[in-house]
**Student:** 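Questions regarding the structure given below will be posed in turn.
Given the structure is predicted, the values throughout are model-derived calculations rather than measurements. This chain uses plain numbering: 1 for the first residue, then up along the sequence.
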Amino acid sequence: MSRLGVVFGGSRGIGRAVAQLLAQRGHRVVVISRNQEAAQATADTLSGAEHVGLGCDISKEQEVQRAFDTITKTCGAVGYLVNAAGINRDALLMRCKSEDMVSVLHTNLLGSMLTCRAVLRSMLSNGGAIVNIGSVVGVKGNAGQSVYSASKAGLEGFTRSLAKEVASRNIRVNLVAPGLIRTDMTAGLKEEEYGKRIPLGRFGDPQEVAHAVLFLLESPYITGHVLLVDGGLQLTM
């Protein structure tokens, strides 16, 4: 059955791959990015028709609410929500600026809380599925990424708690925790060097994460689950 899928961070990386896969499965997709032009450009490339691109900074409550008001009025009820928007400001804690801490926490953690809260009213009547994008370092931790790790670990706790809150309304909430994936975030890393630390010997592709996201969106008896998509990286951390 075709559903309306909303993908935050959908103009690039993992979010873009998720949007493409949802469209290929016949779903209508709302692509959301801070840059509205980038969001619409991605929406225009998706297979099928009537996809939409919207601009929204998920760290700002009013923008999130405005985005969902627009979606409800123009597209209808949301069936799937994917939170793939995220930033990193890697540094040792002693060297991390306070404004960078706030920015990472507001985007990676608070932003997903705001989008989930906003979408629930749309899902209460007909059910739905939410997938948040965490990280293997949110599960295992990593030196030089304490703030980023905290934001993703918080997202795991939030996901499990929300899953308990809304299960009775047939709303499922899960989390995908990627490892090293070929995106803008890892563009500065040498794959031949870092790939040696991964049991499967390579970085992952965004499409491989997208398939895990789709699996959780479409699996009617899974909620509160954390699915690692990391080539086995957690085994070596």
**Student:** Report whether Leu21 and Val209 are members of the same hydrophobic cluster (ILVMFWY, side-chain heavy atoms less than 4.5 Å apart, transitive linking).
**Tutor:**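 Shared cluster, yes.
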**Student:** If you define the side chain from C-beta out and look only at heavy atoms, does anything of Phe8 sit under 4.5 Å from Val31?
**Tutor:**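 No - every pair of side-chain heavy atoms lies 4.5 Å or more apart.
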**Student:** Flag yes if Val82 and Val64 sit in one hydrophobic cluster, no otherwise; membership is Ile, Leu, Val, Met, Phe, Trp, Tyr, and two members link when side-chain heavy atoms are under 4.5 Å apart.
**Tutor:**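 Not linked; separate clusters.
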**Student:** Looking only at the side chains, is there a donor atom on one of Asn142 and Ser149 sitting less than 3.5 Å from an acceptor on the other?
**Tutor:**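 Side chains of Asn142 and Ser149: no pair found under 3.5 Å.
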**Student:** Go through Leu46 and Leu22 one step at a time and tell me if the side chain to side chain contact (heavy atoms under 4.5 Å, CB included) criterion holds.
**Tutor:** CA-CA 9 Å; Leu46 302 179; Leu22 285 173; over 6 Å; no
**Student:** Quick one, Val7 and Val30 - any side-chain contact, counting heavy atoms below 4.5 Å?
**Tutor:**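 Counting from C-beta outward, Val7 and Val30 never come under 4.5 Å.
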**Student:** Give me each pair satisfying salt bridge (Lys or Arg N to Asp or Glu O under 4.0 Å) with a member in residues 68-88, each pair once, sequence neighbours excluded.
**Tutor:**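 Pairs touching residues 68-88 that pass the test: none.
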**Student:** I'd like to check Ile133 versus Asn83 (side-chain heavy atoms, cut-off strictly below 4.5 Å). Are they in contact?
**Tutor:**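 They are not in contact (no side-chain heavy atoms under 4.5 Å apart), so the answer is no.
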**Student:** By the salt bridge (Lys or Arg N to Asp or Glu O under 4.0 Å) test, which pairs, at least two apart or in different chains, include something from residues 7-35?
**Tutor:**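 Residue pairs passing salt bridge (Lys or Arg N to Asp or Glu O under 4.0 Å), neighbours aside: Arg12-Asp184, Arg25-Glu218, Arg34-Asp57.
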**Student:** Have a look at Cys75 and tell me which of Val29, Val6, Leu4 forms a side chain to side chain contact (heavy atoms under 4.5 Å, CB included) with it.
**Tutor:**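 Answer after filtering Val29, Val6, Leu4: Leu4.
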**Student:** Can you pull out every salt bridge (Lys or Arg N to Asp or Glu O under 4.0 Å) where at least one residue sits in residues 161-180? Sequence neighbours excluded, please.
**Tutor:**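 Output for this query is empty, none listed.
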**Student:** Leu189: which residues meet the side chain to side chain contact (heavy atoms under 4.5 Å, CB included) condition with it, sequence neighbours left out?
**Tutor:**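 Testing Leu189 for side chain to side chain contact (heavy atoms under 4.5 Å, CB included), a comparison that skips the adjacent residues, returns Leu180, Thr186, Tyr194, Phe203.
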**Student:** State, with a plain yes or no, whether a side-chain heavy atom of Met237 is found less than 4.5 Å away from one of Val137.
**Tutor:**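 Answer yes - side chains close enough.
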**Student:** Do any pairs count as a side-chain hydrogen bond (donor to acceptor under 3.5 Å, both in side chains) and have a residue in residues 196-213, sequence neighbours left out, and if so which ones?
**Tutor:**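 Sorted result for residues 196-213: Arg182-Asp205, Arg202-Glu208.
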**Student:** With sequence neighbours left out, write down each residue that passes side chain to side chain contact (heavy atoms under 4.5 Å, CB included) with Glu37, or none if nothing qualifies.
**Tutor:**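 Residues passing side chain to side chain contact (heavy atoms under 4.5 Å, CB included) with Glu37: Asn35.
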**Student:** Could you tell me whether the side chain of Leu227 reaches within less than 4.5 Å of the side chain of Asn174, counting heavy atoms only?
**Tutor:**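 Counting from C-beta outward, Asn174 and Leu227 never come under 4.5 Å.
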**Student:** Can you give each donor-acceptor pair under 3.5 Å made by side-chain atoms of residues 117-128, sequence neighbours left out, with the distance rounded to 0.1 Å?
**Tutor:**
from   : atom 1 : to    : atom 2 : distance (Å)
Arg117 : NH2    : Glu61 : OE2    : 2.7
Ser122 : OG     : Val78 : N      : 2.8

**Student:** Would you call the rings of Tyr80 and His27 parallel, tilted or perpendicular, where under 30° means parallel and over 60° means perpendicular?
**Tutor:**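 Taking His27 first and then Tyr80, their aromatic rings stand perpendicular (interplane angle over 60°).
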**Student:** I want to check something: taking the side chain as every heavy atom from C-beta on, are Val136 and Asp230 in contact at a cut-off of under 4.5 Å?
**Tutor:**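 Yes. Closest side-chain heavy atoms under 4.5 Å.
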**Student:** Who passes ring-ring contact (aromatic ring centres under 6.0 Å, His included) against His106, sequence neighbours left out?
**Tutor:**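 Once residues adjacent in sequence are excluded, His106 has no partner under the ring-ring contact (aromatic ring centres under 6.0 Å, His included) criterion.
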**Student:** Is a donor on one side and an acceptor on the other found under 3.5 Å between the side chain of Asn132 and the backbone of Leu155?
**Tutor:**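 Not a single qualifying donor-acceptor pair exists.
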**Student:** With the side chain counted from C-beta on, respond yes when Ile87 and Val104 share a heavy-atom pair under 4.5 Å apart, and no when they do not.
**Tutor:**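 Yes, side chains in contact.
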**Student:** Measure from the side-chain N and O atoms of Gln40 to the backbone N and O of Gly53, and report whether any donor-acceptor pair falls under 3.5 Å.
**Tutor:**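 It does hold such a pair.
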**Student:** Say whether Ile130 and Leu54 are linked into one hydrophobic cluster, either directly or through other cluster members, by side-chain heavy-atom distances under 4.5 angstrom.
**Tutor:**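 In one cluster: yes.
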**Student:** State whether Glu156 and Lys152 are salt-bridged, where the test is any N-O pair (Lys NZ or Arg NE/NH1/NH2 against Asp/Glu carboxylate O) under 4.0 Å.
**Tutor:**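 No salt bridge links Glu156 with Lys152.
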**Student:** Tell me every residue that passes side chain to side chain contact (heavy atoms under 4.5 Å, CB included) with Thr74, counting only those two or more places apart in sequence or in another chain.
**Tutor:**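 Side chain to side chain contact (heavy atoms under 4.5 Å, CB included) list for Thr74, sorted by chain: Thr70.
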**Student:** Not counting sequence neighbours, which residues clear ring-ring contact (aromatic ring centres under 6.0 Å, His included) with Tyr148? List them please.
**Tutor:**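 None.
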**Student:** Can Leu114 be reached from Val166 by stepping across I, L, V, M, F, W or Y side chains whose heavy atoms are under 4.5 Å apart?
**Tutor:**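 Looking at the clustering, Leu114 is in the same group as Val166.
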**Student:** Would one find more than 12 heavy atoms of other residues, nucleotides or ligands at under 6.0 Å from atom CD of Glu99?
**Tutor:**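 Result for CD/Glu99: enclosed.
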**Student:** For Leu93, which residues count as a side chain to side chain contact (heavy atoms under 4.5 Å, CB included) partner, sequence neighbours excluded?
**Tutor:**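 Testing Leu93 for side chain to side chain contact (heavy atoms under 4.5 Å, CB included), a comparison that skips the adjacent residues, returns Met101, Ser146, Val147.
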**Student:** Given side chains that start at C-beta, do those of Gln62 and Gln65 come closer than 4.5 Å, heavy atoms only?
**Tutor:**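 The answer is no; the side chains never approach within 4.5 Å.
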**Student:** Under 3.5 Å, is there a donor-acceptor pair between the side chain of Ser112 and the main chain of Leu109?
**Tutor:**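 Not confirmed, Ser112 side chain does not pair with Leu109 backbone.
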**Student:** Given 3.5 Å as the limit, does a donor-acceptor pair link the side chain of Thr236 with the main chain of Leu233, or not?
**Tutor:**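 Yes, because the side chain of Thr236 sits within donor-acceptor range (under 3.5 Å) of the backbone of Leu233.
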**Student:** If you group Ile, Leu, Val, Met, Phe, Trp and Tyr by side-chain heavy-atom gaps below 4.5 Å, do Phe68 and Leu162 land in one group?
**Tutor:**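 Yes, it is one cluster - the side chains of Phe68 and Leu162 are joined through contacts under 4.5 Å.
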**Student:** Please identify each residue that fulfils side-chain hydrogen bond (donor to acceptor under 3.5 Å, both in side chains) with Asn170, with sequence neighbours left out.
**Tutor:**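 So Asn170 forms no side-chain hydrogen bond (donor to acceptor under 3.5 Å, both in side chains) with any residue.
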**Student:** For the pair Thr45 (side chain) and Thr42 (backbone), establish whether a donor and an acceptor sit closer than 3.5 Å, ignoring hydrogens and angles.
**Tutor:**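 Side chain of Thr45 to backbone of Thr42: a pair is present.
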